[in-house]
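Working notes for the structure below.
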There are 2 protein chains.
Amino acid sequence: MALNSLLAYINNYVSLTEEEERLLETYVTKRTYLKGQYILQQGDICRHSSFITKGCSKMFVVDADGQEHIIMLAVEGWWNSDIASFINQKPADFNIQCIEDTEIVQFHYDTIETVYTLVPKLEKFFRKILERGLAASQKRIIRNFTMTAKDRYLYFKASYPDIDQRIPQYMVASYLGITKEFLSKIKSQIAQER
Amino acid sequence: MALNSLLAYINNYVSLTEEEERLLETYVTKRTYLKGQYILQQGDICRHSSFITKGCSKMFVVDADGQEHIIMLAVEGWWNSDIASFINQKPADFNIQCIEDTEIVQFHYDTIETVYTLVPKLEKFFRKILERGLAASQKRIIRNFTMTAKDRYLYFKASYPDIDQRIPQYMVASYLGITKEFLSKIKSQIAQER
DNA sequence: GCTAAATGTTAATCTAGTTTAATATCTTTT
DNA sequence: AAAAGATATTAAACTAGATTAACATTTAGC
């Protein structure tokens with residue numbers, strides 16, 4: 001069940017007592033979305049920090065030309081939120097939309113500091129996953145600078161084989177920062193090399 | 001003096017008591033580096049999380065072709081560390097080198113968890129700056145996808161006018177993910193537009 | 001099972017940014 | 001103040017990836 005997978009995830013980083021788990025339960029809410037629904041829309045204020053327990057989402061911006069650019073693809077065990085919007089309670093730059101029917105467990109902005117006070121281990125937990133997130137984000141910037149589109153695609157496939165199967169190619173292309181046509185070309189190149 | 005600027009910075013995010021400040025002091029060390037010296041070298045394990053109190057540094061990788069790619073330029077009031085190396089105590093992918101004579105105040109990996117325990121506000125502090133760091137890193141990925149090199153340069157100049165003045169153009173180019181020749185072209189284009 | 005919509009492919013043309021190489025300028029050392 | 005090293009500019013040739021457009025295939029709704 002949804003809450004348990006969140007607890008199991010948190011317990012990989014810190015060890016919550018039974019009591020702390022009970023307390024935490026009272027501060028999170030479960031929500032479900034259908035494929036296509038938005039967890040967050042550009043311009044709205046991001047009120048929640050959401051943990052995906054089932055399904056798949058994309059976080060993206062729409063640029064001046066109406067083109068979609070995906071910064072993040074998330075499946076079970078990933079976090080979803082426009083952090084800048086969440087921490088400043090300012091309108092979001094990013095959209096978060098479900099690619100499959102999706103179930104999330106969420107913390108609300110208004111109570112999250114209370115949760116940190118009641119269960120300081122959760123502040124440690126978020127500190128740790130933010131460290132990992134920032135390290136990963138920096139490495140992604142470097143990959144985008146140093147690797148060709150083809151190598152980035154191969155890296156993506158190897159790193160996230162599960163995500164690669166579940167979402168359409170044109171979203172993978174957007175995540176990689178290239179056009180769907182060019183990804184198609186890359187794929188046929190790779191196929192010929194065999 | 002160095003320590004005071006760190007304390008002032010931390011107090012922007014959390015409010016330390018006199019006693020907490022005293023305690024913190026016993027866990028940080030000051031170091032100075034000359035221009036050109038390395039705070040961290042690729043392959044070494046990152047043992048410290050460093051706050052710059054004076055000077056300027058670059059964080060970069062050297063790719064297979066021997067080319068340098070800068071992920072981060074840091075001046076007074078910025079943090080420096082290869083986070084992945086620091087949290088996992090594994091060899092660093094990144095180098096951190098001083099561009100000017102530089103003074104830092106640093107936390108050591110071996111005692112930082114102790115500091116968090118003694119002064120939980122510091123865990124909150126790091127959680128907050130990591131949130132900001134991750135938000136900024138994600139926005140940079142999007143800028144790299146959506147903006148032309150010229151617009152990224154103008155954005156950089158506007159956002160970090162102080163850094164722009166202090167470091168050579170070829171490092172700005174590397175930070176922007178373009179060649180120094182192309183940045184030179186962009187600059188002459190901009191000059192002609194006036 | 002049919003139709004429409006969504007997704008994917010191919011190929012020609014185009015362009016932002018790279019590469020190479022030569023020259024210029026600025027900074028530091030002696 | 002000369003020489004050497006570091007930094008910056010310019011321009012020609014080149015390439016990774018974008019754009020456009022036509023067509024193919026797969027998926028979902030009825």
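Below, chains carry the letters A, B, ... as their sequence lines are ordered, and counting in each starts from 1. These numbers were taken from a predicted model, which means no experiment stands behind them.
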Rounded to the Å, how far apart are B/K180 NZ and C/dA24 P? 17 Å
Whole-Å gap separating C1' (C/dA5) and NZ (A/K35): 12 Å
Please determine whether a side-chain nitrogen of the Lys or Arg among [X] and [Y] lies less than 4.0 Å from a carboxylate oxygen of the Asp or Glu.
X	Y	value
A/E181	A/K185	no
A/E123	A/R127	no
A/E76	A/R166	yes
A/E68	A/K180	no

Span of DNA chain D in contact with chain B (heavy atoms, under 4.0 Å): D/dT7 to D/dT10
Using distance alone, with no hydrogens and no angle criterion, decide if B/T146 and A/D63 have a side-chain donor and acceptor under 3.5 Å apart. no
Donor + acceptor pair across side chains of A/N11, A/E21 (<3.5 Å): yes
Evaluate side-chain contact (heavy atoms from CB on, under 4.5 Å) for B/M72 paired with B/F94, printing each intermediate quantity in order. CA-CA 10 Å; B/M72 188 174 165; B/F94 297 135; over 6 Å; no
Short N/O separations, protein against nucleotides 13-19 of chain C, under 3.5 angstrom:
unit_1: C/dG17; atom_1: OP1; unit_2: B/A149; atom_2: N; d: 3.3
unit_1: C/dT18; atom_1: OP2; unit_2: B/T179; atom_2: N; d: 3.2
unit_1: C/dT18; atom_1: OP2; unit_2: B/T179; atom_2: OG1; d: 3.1

I want to know whether B/Y27 and B/F107 have ring centres closer than 6.0 Å. no
Whichever of B/Y170 and B/S188 has the more 5' nearest nucleotide on DNA chain D, that residue is B/Y170
